[in-house]
Student: 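Below: one structure in structure tokens.
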Amino acid sequence: MSKSYEQLVKRVQKQIGSPKAQSEHCVELQRQPDDAPEDWARMLEDLGTVENVTMIPLDDAAEHIRLRWNPEESMA
């Protein structure tokens with residue numbers, strides 16, 4: 001795993017784990033200028049395999065997305 005990908009994943013995990021995101025079961029993620037396009041694409045692909053998670057692109061390039069999850073479904 002590349003260092004740049006690890007840094008991206010850590011940043012996203014931190015955003016997902018924030019109190020606001022946890023209470024709303026939703027977070028907006030945006031690709032940063034120093035995120036490699038292939039790292040971003042790989043992360044979106046990985047997130048797409050997680051059950052009970054919905055990704056909503058907020059722009060044409062999918063560089064700004066909204067992530068929603070349903071904790072009730074994941075507990076079932």
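Note that the structure is predicted; figures quoted are calculated from it, not measured.
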Student: For E45, which residues count as a side-chain contact (heavy atoms from CB on, under 4.5 Å) partner, sequence neighbours excluded?
Tutor: none
Student: With sequence neighbours left out, what residues match V50 under side-chain contact (heavy atoms from CB on, under 4.5 Å)?
Tutor: V53
Student: If we only count heavy atoms from C-beta on, is the Y5 to D46 side-chain gap below 4.5 Å?
Tutor: yes
Student: Sub-3.5 Å donor-acceptor pair from the side chain of W40 to the main-chain atoms of A62, do we have one?
Tutor: yes
Student: side-chain contact (heavy atoms from CB on, under 4.5 Å) with Q7: which residues, sequence neighbours excluded?
Tutor: K3
Student: If you round to the nearest 0.5 Å, how far is CD of Q30 from CD1 of I65?
Tutor: 10.5 Å
Student: Surrounding CG of D59 (heavy atoms of other residues, nucleotides or ligands, distance under 6.0 Å), is the total greater than 12?
Tutor: yes
Student: Which residue is it: Q32, M43, R42? I am looking for the one with a side chain to side chain contact (heavy atoms under 4.5 Å, CB included) to L8.
Tutor: M43
Student: Which residues satisfy the salt bridge (charged side-chain N to carboxylate O under 4.0 Å, His left out) test with R68, sequence neighbours excluded?
Tutor: none
Student: Could you work out, with side-chain hydrogen bond (donor to acceptor under 3.5 Å, both in side chains) as the rule, every residue matching E24, not counting sequence neighbours?
Tutor: K20
Student: With sequence neighbours excluded, tell me which residues meet side-chain contact (heavy atoms from CB on, under 4.5 Å) with E28.
Tutor: L58, H64, R66
Student: With side-chain contact (heavy atoms from CB on, under 4.5 Å) as the criterion, how do Q22 and I16 come out once you've worked through the C-alpha distance, each side chain's angles and the decisive distance to 0.1 Å?
Tutor: CA-CA 7 Å; Q22 287 298 304; I16 291 170; 4.1 Å; yes
Student: State the OG1-CG distance between T54 and L47, to the nearest 0.5 angstrom.
Tutor: 11.5 Å
Student: Can you name the salt bridge (charged side-chain N to carboxylate O under 4.0 Å, His left out) partners of D35, sequence neighbours left out?
Tutor: R11
Student: What residues form a side-chain hydrogen bond (donor to acceptor under 3.5 Å, both in side chains) with S2, not counting sequence neighbours?
Tutor: S4
Student: Run the salt bridge (charged side-chain N to carboxylate O under 4.0 Å, His left out) test against E6 and tell me which residues pass, sequence neighbours left out.
Tutor: none
Student: Can you list the residues that meet the salt bridge (charged side-chain N to carboxylate O under 4.0 Å, His left out) rule with K10, with sequence neighbours excluded?
Tutor: none
Student: Which atom names give the shortest non-hydrogen contact between A21 and Q15, and what distance separates them?
Tutor: CB-O, 3.4 Å
Student: Are side-chain heavy atoms of P57 and E63 found at a separation under 4.5 Å?
Tutor: no
